[in-house]
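A quick write-up on the structure given underneath.
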Amino acid sequence: MIDTTAQPRWQVVTTRSGRYSVWPAARQVPDGWTAAGSEGDRSECLAWIAEHWTDERPAGVGAAGVRAENR
């Protein structure tokens, strides 16, 4: 019998530019994304992202913006 009350498992994925998202754990991670190491229900994954992704700008944009401000 299939348990229809079970919550689907999710995983946190990231890109090289530092973007994060959640992805179904049972599916292959899409090209251009890498598993970030956190897995759980959707709310756990979103909480992990909120804790670790403190600057939502892409990695290159954030660093360039800081350099431009310091000129």
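Heavy-atom minimum distance, C45 versus S38: SG-O, 4.3 Å.
V22 is not connected to V13 by any chain of hydrophobic side-chain contacts under 4.5 Å among Ile, Leu, Val, Met, Phe, Trp and Tyr, and they are in different clusters.
We find the CZ-CH2 distance between R27 and W10 to be 9.0 Å, quoted to the nearest 0.5 Å. Note that CD1 of I49 is 13.0 Å distant from OG1 of T54, once rounded to the nearest 0.5 Å. In this structure, L46 CG and W53 CH2 are separated by 11.0 Å, a value rounded to the nearest 0.5 Å.
Taking the side chain to side chain contact (heavy atoms under 4.5 Å, CB included) definition, one finds that E39 meets it with R9, Q11, A25, sequence neighbours left out. Qualifying side chain to side chain contact (heavy atoms under 4.5 Å, CB included) partners for T15, counting only residues two or more places apart in sequence or in other chains: S17, R19, W33. The ring pair (Phe, Tyr, Trp, His ring centres under 6.0 Å) test applied to W48 returns Y20, H52, not counting sequence neighbours.
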